[in-house]
Amino acid sequence: MLGPLPYFHRIVVVVATVMTAIGSGAWIAHFTAVPVAVGGGAVVGGLTGLVVSYALVHPATHTGTQLQPIRHRRR
């Protein structure tokens with residue numbers, strides 16, 4: 001989705017997405033009636049964050065993203 005990124009930037013996007021998802025899952029679970037839901041919400045948020053970060057840094061299709069060789073005619 002984001003296109004080809006350098007390795008460092010992909011790591012930054014993955015870490016930011018997973019940390020945001022963990023915090024969001026824990027925050028949402030905090031408002032439930034179950035007392036130990038915060039830990040479960042953080043786990044579910046982390047797993048969701050991994051899926052979302054995978055979708056962000058990997059292209060949907062590989063067609064068109066490969067470099068095409070340049071053809072030269074020698075005269």
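Predicted model, so just to flag it, every value in this text is computed and none were measured. Below, all heavy atoms of this structure are taken into account, side chains as well, without hydrogens, waters or symmetry copies.
- The two residues Gly49 and Ala21 have their closest heavy-atom pair at CA-CB, 3.5 Å.
- Under the 4.5 Å side-chain heavy-atom criterion for ILVMFWY residues, a single connected hydrophobic cluster contains both Val18 and Leu56.
- Taking all atoms of both residues into account, the shortest heavy-atom contact from Ala29 to Gly41 is CB-CA, 3.8 Å.
- If you chain together hydrophobic residues whose side chains sit under 4.5 Å apart, Leu50 and Val52 fall into the same group.
- Applying the side-chain contact (heavy atoms from CB on, under 4.5 Å) test between Ser53 and each of Val13, Thr17, Thr20 identifies Thr17 as the sole match.
- Note that CH2 of Trp27 is 10.0 Å distant from NE2 of His30, once rounded to the nearest 0.5 Å.
- One hydrophobic cluster, built from ILVMFWY side chains closer than 4.5 Å, cannot hold both Val44 and Val38; they sit in different ones.
- Transitive grouping of hydrophobic side chains (ILVMFWY, heavy atoms separated by less than 4.5 Å) keeps Met19 and Val14 in distinct clusters.
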